[in-house]
Each structure stands twice: as structure tokens, then as C-alpha cells.
K.L.:
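If you scroll down you'll find the structure; I have some questions about it.
Hydrogens, waters and symmetry mates play no part in the numbers below; they use all other heavy atoms, side chains included. Chain A is the first sequence line, chain B the second, and so forth, proteins listed ahead of strands; every chain is numbered from 1.
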2 protein chains.
Amino acid sequence: MIGRTLVTGHAREAGGVAGQTTRSPGGVGPVDVAHAPTDIVQALPRVADDMVSRPGSAVSLLRTVVGVYLREAGGWMPTGAFLALLGALGVPVPQARTALSRVKQRGLLQAEAHDGVAGLALAPGAGAMLACGDRRIHEPRSMAADGEWCLIVFSIPEAMRDARHQLRKQLTWIGCGTVEAGVWICPDFLRGEVEDVVAGLGLSGHVVLFTARGLPAGPVAAGQVGQWWDLEGIAHLHRAFLEGQSGVPEGSAGAAESFAAYVGCIDAWRVIPYLDPGLPAELLPDDWPGPECIALFRRIREAHAGPARDFVLGTLASGGVPAGLDPARLGHSEEVR
Amino acid sequence: MIGRTLVTGHAREAGGVAGQTTRSPGGVGPVDVAHAPTDIVQALPRVADDMVSRPGSAVSLLRTVVGVYLREAGGWMPTGAFLALLGALGVPVPQARTALSRVKQRGLLQAEAHDGVAGLALAPGAGAMLACGDRRIHEPRSMAADGEWCLIVFSIPEAMRDARHQLRKQLTWIGCGTVEAGVWICPDFLRGEVEDVVAGLGLSGHVVLFTARGLPAGPVAAGQVGQWWDLEGIAHLHRAFLEGQSGVPEGSAGAAESFAAYVGCIDAWRVIPYLDPGLPAELLPDDWPGPECIALFRRIREAHAGPARDFVLGTLASGGVPAGLDPARLGHSEEVR
DNA sequence: TCACGCTCTTGACGCTCGTCATGTGAATGA
DNA sequence: TCATTCACATGACGAGCGTCAAGAGCGTGA
């Protein structure tokens with residue numbers, strides 16, 4: 001729902017003229033062609049992978065575990081370890097297996113046996129996406145009041161409408177705002193990601209990027225920013241994070257609890273630094289929840305990242321049976337291998 | 001014709017998908033409201049006055065004389081002096097009177113008698129326009145390769161189509177190029193004039209200006225510039241100037257000849273620094289005639305500005321009968337008063 | 001003052017962008 | 001495995017921008 005709000009949230013004042021629908025209300029016959037996933041989907045920059053699944057779902061949690069721990073573990077983990085870690089997050093083994101299968105199918109992981117032990121390795125090319133995600137997640141950047149902007153101007157023929165649609169969507173995903181139809185804006189430090197998106201869609205010839213500065217500071221600029229971004233929707237994301245993480249203990253806890261708290265926090269946090277471009281405080285409402293959100297995220301990380309890491313290492317060392325974990329929470333741990 | 005080339009010269013490749021038109025082709029009944037010439041016309045920035053008349057015509061020459069000499073003469077000259085000066089430029093007295101009447105009607109000059117002598121004074125508010133013209137004419141600016149751009153983004157509702165049309169036209173007049181529909185560009189040192197145009201049309205609320213930099217230098221940027229401006233049309237203007245002024249002696253000459261040469265040169269030159277934004281040489285074709293043009297303009301000014309000024313002062317001192325001028329060229333000089 | 005020609009205006013049109021509604025396939029969770 | 005929900009593709013639509021063509025208005029020159 002949140003995602004939907006954001007994606008469709010840029011609705012301009014559509015009031016006034018009542019749109020008339022001349023379409024016949026009844027269902028039409030089986031309509032046709034449709035749904036060739038086309039090669040555009042294949043060309044999708046991997047940023048899309050961060051957005052498809054809902055935070056808290058099994059796939060999303062798995063995706064988070066992969067992002068946070070798999071590279072450090074050498075890019076490969078036995079299947080049993082995945083099951084154990086997801087189990088520690090409250091995901092029953094059958095659903096965890098389904099999630100593994102789906103993430104594998106999506107191309108993020110690939111099956112690989114090491115020394116006869118079945119496991120999953122990072123798919124080639126996924127490393128770059130994860131690294132990019134790391135930057136955004138752990139070093140959320142904020143633009144200075146006099147910082148530079150990146151303006152994205154494009155004109156894409158109707159024949160490439162899919163690509164145009166994808167472009168618009170992905171620009172929204174990485175935090176760009178809409179100035180006018182065909183003119184988007186973001187902090188200039190996101191320029192690299194914009195270029196990646198554009199190149200990934202094969203639209204380099206139709207898009208022009210400018211580095212701009214000097215929005216005449218003051219309330220006028222703040223008003224502009226309010227028109228360009230769905231600040232309300234982004235603030236709602238932040239507040240949902242604050243609310244969801246408010247019960248997380250910020251003191252020391254058991255390794256398993258720390259792991260669950262930390263991964264849950266990352267999983268809830270992950271999408272925010274994408275959709276929030278990190279606008280300068282001077283251009284945001286006074287009660288903007290961003291800084292408080294970042295502070296909470298950092299406190300939780302400070303408290304639990306270390307123990308959570310220890311928990312994962314312990315789980316890996318024990319071959320899938322995490323130490324100090326109540327076996328009852330693991331579901332059918334005997335299935336693990 | 002040149003003007004037309006420039007205005008309509010940005011035609012994009014209109015080919016491609018054949019659009020379907022569901023609109024009824026027949027004319028509709030007398031449609032309504034419409035057609036209040038509106039106050040938009042009154043709000044026209046004076047830059048328009050520089051473009052309406054063709055170089056070399058009586059009105060244009062008069063406009064040039066006014067711009068170059070009237071302010072120095074104290075903002076007022078007797079009608080006879082105008083007739084004499086235009087006569088020195090080859091304009092017969094009847095046409096000169098028509099020109100005076102029309103320029104007066106347009107609001108650039110206003111009738112004023114000094115000490116019982118009929119004459120014409122600069123209309124209030126015209127001074128600013130002339131000053132702006134001076135800057136562009138005598139100090140043609142050129143952008144550095146790493147200079148800053150001004151991006152103009154606008155979206156104007158269909159109900160204000162006239163204003164939108166005017167905006168587009170005037171942006172072209174002051175040298176702006178088209179990036180996409182609704183996105184224009186010019187060197188940032190023209191920003192002030194852009195703001196004047198926008199404010200003059202009452203469109204401040206619908207236009208956003210950015211200061212941009214960092215067109216990735218090189219042939220790519222040059223290609224972009226070639227798409228944004230009608231470089232061919234501008235080069236044609238330059239070459240026409242070079243050709244038209246090639247016969248002008250650059251050495252010393254009689255006062256009257258210098259006056260005719262100098263005013264003729266200014267008159268032919270005047271429009272060029274408006275339509276040519278002064279792009280950096282790195283982004284222009286190798287054979288770009290701009291610098292040669294400016295050099296020629298400066299040589300002619302160097303050679304003739306002084307004597308021309310003396311000629312005007314002499315004419316004013318003698319009350320309308322210029323010294324050293326062949327009376328035959330003056331037409332009916334006895335009509336002068 | 002008059003005829004000519006250019007400019008501007010006006011209406012129609014095509015193109016692009018964004019949105020909405022709808023149908024389909026996939027992801028999710030029980 | 002199955003029902004529900006979500007995301008995406010598609011077609012239709014409104015809006016904005018620019019262009020074209022025809023007609024009106026105005027500048028130009030005789």
C-alpha cells in the first residue's frame with residue numbers, strides 16, 4: 001500500500017474537468033497478446049529487486065540476510081544456514097525453502113555445492129547491486145542547502161512507451177522528483193544511479209542530464225520541492241519505520257535476539273533511503289522525521305550489529321544449528337541439513 | 001525570411017508513428033469567448049520592438065538612430081534633425097515622416113516641442129530597453145566552455161496559450177535554444193533577460209529557472225547544442241552581415257559617409273547579438289563565423305563611430321542642415337523644419 | 001492614400017508525458 | 001496446493017507543447 005501510494009502519489013491536481021470514460025463497463029473478451037515479459041524486464045537494473053517484495057515477508061527477509069551477510073561469508077552459504085537464519089527470524093522452514101527457490105529464480109542467488117554440501121552462492125553481477133545498496137542503506141546522504149541538483153530531461157517516442165514507463169518508475173525508486181512531464185530532478189550525488197538506470201534501459205540517446213544549482217533558497221524553493229516530491233508519502237514511510245522499530249531494545253540482548261532485531265530493522269529500513277533522496281533540511285517541513293529515523297536506525301545498528309554478526313558466524317560454524325537458540329523456534333530443525 | 005527560418009527552424013523529426021485523430025474534422029459552431037487581445041500584448045517586454053521591422057527599412061534605420069544618438073543628444077531632437085539624419089541615410093523625407101509617425105505610434109518616441117521647435121523625445125520606459133540593447137550590441141558576450149547554463153522549464157495551461165506562444169517567441173529572440181518541449185536553455189548570463197521576459201508575461205508562477213553546468217564537454221555536447229539551436233540559421237545571419245558590410249570602407253571617410261556606414265552597420269548588426277546566444281567556441285562548428293563578424297563590426301565601429309558622432313552633432317548644431325552633406329541627397333530639404 | 005507583403009493570430013493537429021481503469025500473471029501466506 | 005493480493009502491461013484519456021495552414025492585421029514603400 002505504501003509502495004502504491006508512492007508510485008501513484010505524484011498525481012497532479014486531477015480535479016476540475018471530470019474525465020469521461022467511454023469504455024464499455026462490461027468485461028471485454030479475452031484480450032490478446034499481452035504479457036510478453038519482453039526483454040525490457042531483463043534489462044531492468046537490479047535496483048528493481050529491492051522493491052518487489054514487501055518488507056517483513058520471507059523473501060524480503062532473505063534478501064536482507066543475503067545483502068548483509070552473504071558477501072562477508074565468502075559469497076556462499078549452505079542451504080541449512082539460510083534455513084537456520086530465517087528460522088531465527090521466525091520464518092518456518094517450508095516458507096524459507098520457497099523463498100530460497102524464488103530468490104534463486106529471480107537471479108539473485110544460484111545453487112552451488114561446496115565439498116558436497118548443497119548451498120547457494122551470489123549470482124554474478126549481484127555484487128554491484130548489493131554494494132550500491134550498502135551505500136544507500138548505511139551512509140544515507142543528505143544534500144546541502146546549496147548543493148547541486150541533477151536534472152533529467154527526456155523525450156521518448158510513444159513506440160518505446162514501456163521503456164518510458166520503466167524509466168519513470170525507476171527514477172521514482174531511486175528518489176527522483178518530478179518537475180514537469182519529462183523533467184525530473186534529484187540531488188546530484190544520485191547522478192551515477194540515474195545514469196545506470198538510463199543506460200540499463202537503453203535510453204541514453206533520449207535523455208539529457210544537467211547538473212544544476214542555485215535554487216533560489218527560501219520558502220519558494222521549499223514550495224517547489226513540495227511539488228516535485230511526494231514528501232507526505234516519504235514522511236509516512238519514515239513514521240512507519242519509527243513506529244515499527246520503537247519496541248526494539250537498544251541495549252544488549254542475546255545473540256539471536258540481536259540478530260532478529262538487526263535484520264528486521266534493516267529489512268524495514270532498506271527501502272527508505274531509496275525513496276528518500278536526502279533533501280536538505282532547509283527545503284523540508286519543520287517536523288521532517290528523517291534525522292530521527294536515521295538516528296534510530298544507527299542506534300539499533302550500534303546495539304545489535306555486532307552480536308548479530310556473531311550469531312551468524314556461530315550458525316555458520318556449527319553447520320546450521322545456531323548456538324544459543326531455542327530449538328523450539330527453529331521449527332523442524334531436523335530437516336535442516 | 002531569415003526570421004521565419006529561425007522561428008520555425010526547430011522543427012523536429014515529425015515522422016514515425018501515425019497518430020490517430022478521433023476529433024471531428026468539421027468546423028464547430030462559432031466557438032465563443034476567445035479573442036480578447038488581452039493585456040498580454042501591453043505587457044510585452046520591449047525587446048519585441050527590436051525585432052518587428054526589417055533591417056534597412058526606414059523604421060529600422062530610425063530605430064537605430066534613436067538607439068545610438070538620441071540619449072546622448074539629451075533625449076530629444078527636433079523633427080528636422082531626424083529628417084536630416086534619415087536623409088543622410090538615403091531615406092526620402094516623406095518616408096522619414098511616415099517612419100517617425102509610426103515609431104511614435106508604437107510608443108518608442110513621443111512628440112514634444114522645445115522652445116517652440118517641434119521635436120520628438122524618448123518615451124518614458126524606453127530608456128531601459130535601449131540600455132539593454134546597448135549591452136548586447138556593443139559587448140557581445142561569449143560563454144566559456146565550462147560556463148554555466150540557464151535552464152528554463154515551464155508548463156503553461158492551454159487557457160494561456162497566447163502567453164505561452166509569446167514566451168516561446170521571445171525566448172527565441174533573446175537567444176534561447178530548445179531542449180525539449182517546455183525545456184529551454186541559454187547561457188546563464190542571459191538569465192536576467194529571461195526573468196524579465198517571464199515576469200513581463202506574468203508567467204513567473206509557471207516557469208522554473210535552473211542554473212546548470214557541466215555539459216559533458218566534447219563532441220557529444222556539441223551535438224546537443226546543434227539540436228537545441230538552429231546554428232545554421234544563426235550562421236546564415238552572420239554571413240549575410242559579413243557579405244552586406246564587406247564593401248564598407250574601413251579607413252577614414254567623410255563625416256556623412258561615416259555616418260551612413262556606421263548606422264547602416266549597426267542596423268544590420270543589431271539583431272544578431274540577440275539571436276546569437278554567444279555559445280562557447282568549443283561547442284560550435286569549426287567554421288563558425290561569429291568571431292569574424294564581431295571583428296568586422298568592431299573595425300567598422302572603430303573607423304566610423306567618431307566621425308559619425310561628429311556628423312550628428314554638427315547636424316544638431318546647424319538646426320537640421322548637416323554640414324558637408326550634398327544637398328541633392330537630402331531630398332526636399334526645404335521641407336525640413 | 002493604396003496595394004503589396006510580411007507578421008501575427010487563430011484553430012486544428014500530432015506528439016509526448018502522465019494518469020486511470022482493467023485484465024493477467026506472479027508472489028505471498030495459510 | 002489454493003485463495004488472496006500485488007505488480008505489471010495495456011489501452012484510453014486529458015493536458016501541455018510545438019507546428020502547420022489559413023485568414024486578419026499591420027508595416028512597408030510607392
K.L.:
In whole Å, I'd like the distance from the CD atom of A/E158 to the C1' atom of C/dC13.
P.N.:
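After rounding, the reported distance stands at 16 Å.
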
K.L.:
Ignoring backbone atoms, establish whether A/Q166 has a side-chain N or O less than 4.0 Å from OP1 or OP2 of D/dC8.
P.N.:
no

K.L.:
Taking CG from B/D162 and P from C/dC8, how many angstroms apart are they, rounded to a whole number?
P.N.:
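These atoms are roughly 13 Å apart.
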
K.L.:
Would you indicate which nucleotide in D/dG16, D/dA9, C/dT16 comes nearest to any side-chain atom of B/P157?
P.N.:
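Out of D/dG16, D/dA9, C/dT16, the nucleotide with an atom closest to B/P157's side chain is D/dG16.
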
K.L.:
Once you round it to whole Å, what is the distance between P of C/dG11 and NE2 of B/H165?
P.N.:
13 Å

K.L.:
Could you work out, with side chain to side chain donor-acceptor pair (under 3.5 Å) as the rule, every residue matching A/S57, not counting sequence neighbours?
P.N.:
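A/S57 satisfies side chain to side chain donor-acceptor pair (under 3.5 Å) with no other residue.
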
K.L.:
Figure out the CG/C1' separation between A/L167 and C/dG18, and round it to whole Å.
P.N.:
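The distance from CG of A/L167 to C1' of C/dG18 comes to 13 Å, rounded to the nearest Å.
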
K.L.:
Partners of B/E232 by side chain to side chain donor-acceptor pair (under 3.5 Å), sequence neighbours excluded?
P.N.:
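Per chain and number, B/E232 pairs via side chain to side chain donor-acceptor pair (under 3.5 Å) with no residue.
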
K.L.:
Are any of A/S57's side-chain N or O atoms less than 4.0 Å away from OP1 or OP2 of C/dA27?
P.N.:
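A/S57 to C/dA27 OP1/OP2: no side-chain N or O under 4.0 Å.
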
K.L.:
Does B/A99 reach a base, just sugar-phosphate, or nothing at all? Heavy atoms under 4.0 Å.
P.N.:
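No contact.
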
K.L.:
Is there a side-chain polar atom (N or O) of A/K169 under 4.0 Å from OP1 or OP2 of C/dT19?
P.N.:
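Checking C/dT19 against A/K169, no side-chain N or O comes under 4.0 Å of OP1 or OP2.
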
K.L.:
Using the closest heavy atom to pick a nucleotide of DNA chain D for each, name whichever of B/R161 or B/G56 lands nearer the 5' end.
P.N.:
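In this pair, the answer is B/R161.
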
K.L.:
Taking for each residue the nucleotide of DNA chain C bearing the nearest heavy atom, is the 5' side occupied by A/I156 or by A/S60?
P.N.:
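Upstream on the strand: A/I156.
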
K.L.:
State, without any angle test, whether A/R270 and A/S60 hold a side-chain donor-acceptor pair at a distance under 3.5 Å.
P.N.:
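Yes, a side-chain donor-acceptor pair sits under 3.5 Å.
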
K.L.:
Send over the distance from B/I152 CD1 to D/dG18 P, rounded to a whole Å.
P.N.:
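Checked: the CD1 to P distance equals 11 Å.
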
K.L.:
Take the protein atom CG of B/L61 and the nucleotide atom P of D/dG27, then report the distance between them rounded to whole Å.
P.N.:
17 Å

K.L.:
Just how far, in rounded Å, is C1' of D/dG16 from CD of A/E180?
P.N.:
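One finds 9 Å between C1' of D/dG16 and CD of A/E180, rounded.
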
K.L.:
I want to check one thing: is the phosphate of D/dG18, taken as OP1 and OP2, less than 4.0 Å away from some side-chain N or O of B/W184?
P.N.:
yes

K.L.:
Centres of the A/W228 and B/F210 rings: under 6.0 Å?
P.N.:
yes

K.L.:
What is the distance, to the nearest angstrom, from the CZ atom on B/R168 to the C1' atom on D/dG16?
P.N.:
11 Å

